[in-house]
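A, B, ... follow the sequence lines: proteins, then strands. Residue 1 opens every chain.
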There are 2 protein chains.
Amino acid sequence: MRTTDQQAAALGTRERIVRTTARLLQRQGYEGTGIKQIAREAGATLGSVYHFFPGGKQELAVAAIQHGDQEFAELLREGLAAEDDPAEAIAGCTRLLAAALRESGWAEGCPVTATALETLGTSADIQRACGAAFGHWSELVAEKLRTAGLAEEDARALAITVINTLEGAETTAQVLRSEEPLLLAGRHLAMLVHAHRQGAP
Amino acid sequence: MRTTDQQAAALGTRERIVRTTARLLQRQGYEGTGIKQIAREAGATLGSVYHFFPGGKQELAVAAIQHGDQEFAELLREGLAAEDDPAEAIAGCTRLLAAALRESGWAEGCPVTATALETLGTSADIQRACGAAFGHWSELVAEKLRTAGLAEEDARALAITVINTLEGAETTAQVLRSEEPLLLAGRHLAMLVHAHRQGAP
DNA sequence: TATCGGATAGAGCGCTCGTTCTAGATCTGT
DNA sequence: ACAGATCTAGAACGAGCGCTCTATCCGATA
């Protein structure tokens, strides 16, 4: 097919817009990010943005959130696979997050939190996408915990807290411009996992 | 003093503006909240807002963050004082937070997170105020843990994770419109505190 | 070669933003 | 009673918002 080039170019522009939006939402939130800014920084024009996302800013935000969802999931997968022991693996994830956060100049934290909080009363679509992201991430952790022998329900519950703690620690790390909250989270979550493996829930 | 009435009225307007701003920041974030909306909902006028906060939106946001800081600290103090055992006390705090969140229709979560994330690169003053709030809250938790016999450094570190977990769980609870993340956080944080009291750090 | 739909381009719409500015209202100290 | 802060009131400004609209470009098919 000769259409490949055209489609590749099309995907190229669309993908550039989504990635740029994801990064800007992560850094400035939903209301703080303008569509014109997105077009400018993505090297696209307003026409292209509305061509690919006729639903406007909300549709674009949903796509960006889903992109961030997958990106963060990939980081989690890598971190969790790096160690057999789930406690060590989770602590490893906090180190990955801390390093990435510092390298971005403390600007690029959780890809969905800021947008989620701002748009809670505004857009049900965005809220759904954010909720789905949390679900995907905690499912990855839960699977790791199950593999290590935790009971189904314990694994599910603990995984939710793991994701929540990572999220909160990442936010605090950004505000304080320090890796400490994330590294402490890693240490404490490891203890919590150990407590589950040894004894009562 | 006859000035009392005037000052009271002045404080009245100022206080109304601050409280309204705090509530709106909590619900809509920084960029999503307009000064005209604040004035309208506070029953004040633009002139009054700029009279009391000549520094404009940023100065107003700092005052609102500090108000939210104290409000949340008061809730923490109450929750922590309600039980002797720090693990039970922290779990009690999660129940207080869950109830308050649900009563607000899942709209009023952590009073600083949304604003903090949005203004990270924008205003150093706001960032400082948010960082100070986290510090105050974790210090309250640390004090409770110290009273229960934890070593100074353990108490400080664990308190930071407690606040981070509460924060993350509150965010997730808002997005999912469910108390579960907060209640799970309470259960797991209680386990974590017990682990510290019984054995190694 | 003629045609046609996907993609690009950006001027312009109505609106709201944060802020400034001038006037008037209200109360205090003398 | 008068002067002078303090506080209230809201019109007006330039800038930027999300979005619509028309015009053009370009590669693929017939």
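Using a distance-only test at 3.5 Å, with no hydrogens or angles considered, no donor-acceptor pair links the side chain of A:E108 to the main chain of A:L101. Counting only distance, with no hydrogens or angles, the side chain of B:K57 and the backbone of B:T33 share a donor-acceptor pair below 3.5 Å.
Residues B:E179 and B:T94 are not in side-chain contact: their nearest non-hydrogen atoms beyond the backbone lie 4.5 Å or more apart.
Put simply, CD on A:Q37 is 14 Å from C1' on D:dG18, counting in whole angstrom units. For A:I17 and C:dA7, the CD1 to P distance is 11 Å, given to the nearest whole Å. Rounded to a whole Å, the CZ atom of B:F53 is 15 Å from the C1' atom of D:dT8. Between B:R14 atom CZ and D:dT6 atom P the separation is 15 Å, expressed in whole Å. Taking atom CD1 of residue A:I38 and atom P of nucleotide D:dC19, one finds them 10 Å apart after rounding to whole Å. One atom, CD1 of A:I35, and another, P of D:dG16, lie 17 Å apart when rounded to the nearest Å.
Here B:E152 pairs with B:R146 under the salt bridge (charged side-chain N to carboxylate O under 4.0 Å, His left out) rule; sequence neighbours left out. With sequence neighbours excluded, the residues forming a side-chain contact (heavy atoms from CB on, under 4.5 Å) with B:A190 are B:A87, listed by chain and number. In this view, B:E71 satisfies the salt bridge (charged side-chain N to carboxylate O under 4.0 Å, His left out) rule with no residue, not counting sequence neighbours. Checked against side-chain contact (heavy atoms from CB on, under 4.5 Å), B:D125 has the following partners two or more places apart in sequence or in another chain: B:V62, B:S123, B:R128. Every residue was checked against the side chain to side chain donor-acceptor pair (under 3.5 Å) condition with A:Q66, not counting sequence neighbours, and none meets it. Residues that satisfy the salt bridge (charged side-chain N to carboxylate O under 4.0 Å, His left out) test with B:R40, not counting sequence neighbours, are absent from this structure.
We find the CD-CD1 distance between B:E139 and B:I163 to be 10.5 Å, quoted to the nearest 0.5 Å. Annotation: the span from B:T161 atom OG1 to A:L189 atom CG amounts to 7.0 Å, rounded to 0.5 Å.
Applying the ring pair (Phe, Tyr, Trp, His ring centres under 6.0 Å) test to every pair with at least one member in residues 78-134 of chain B, sequence neighbours left out, gives these pairs: B:F134-B:W137.
Nearest-nucleotide assignment on DNA chain D puts the 5′-proximal partner with A:R40, out of A:P54 and A:R40.
For the helix from C:dT1-D:dA30 to C:dC27-D:dG4, the angle separating the two terminal helix axes comes to 10°, with each axis derived from five pairs and the value rounded to 10°.
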Under 3.5 Å donor-acceptor pairs involving side-chain atoms of residues 109-120 of chain B, not counting sequence neighbours:
unit_1: B:E118; atom_1: OE1; unit_2: B:Y30; atom_2: N; d: 2.6
unit_1: B:E118; atom_1: OE2; unit_2: B:E31; atom_2: N; d: 3.2
unit_1: B:T119; atom_1: OG1; unit_2: B:T115; atom_2: O; d: 2.8

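Checking the phosphate oxygens (OP1, OP2) of D:dT8, no side-chain nitrogen or oxygen of B:H51 falls inside 4.0 Å. In terms of phosphate contacts, A:T13 brings no side-chain nitrogen or oxygen within less than 4.0 Å of OP1 or OP2 of C:dA7.
Aromatic rings of A:H188 and B:H188 (six-membered ring for Trp) have centroids beyond the 6.0 Å cut-off, not under it.
Proximity of residues 25-33 of chain B to DNA chain C (heavy atom under 4.0 angstrom from any strand atom) is restricted to B:T33. Listed by residue number, there are no residues of residues 112-126 of chain B with a heavy-atom contact under 4.0 Å to DNA chain C.
Checked against C:dT8, D:dT20, C:dG18, the side chain of B:K57 finds its nearest nucleotide in C:dG18.
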Distances under 3.5 Å between protein N/O atoms and the N/O atoms of nucleotides 9-14 of chain D, please, pair by pair.
none

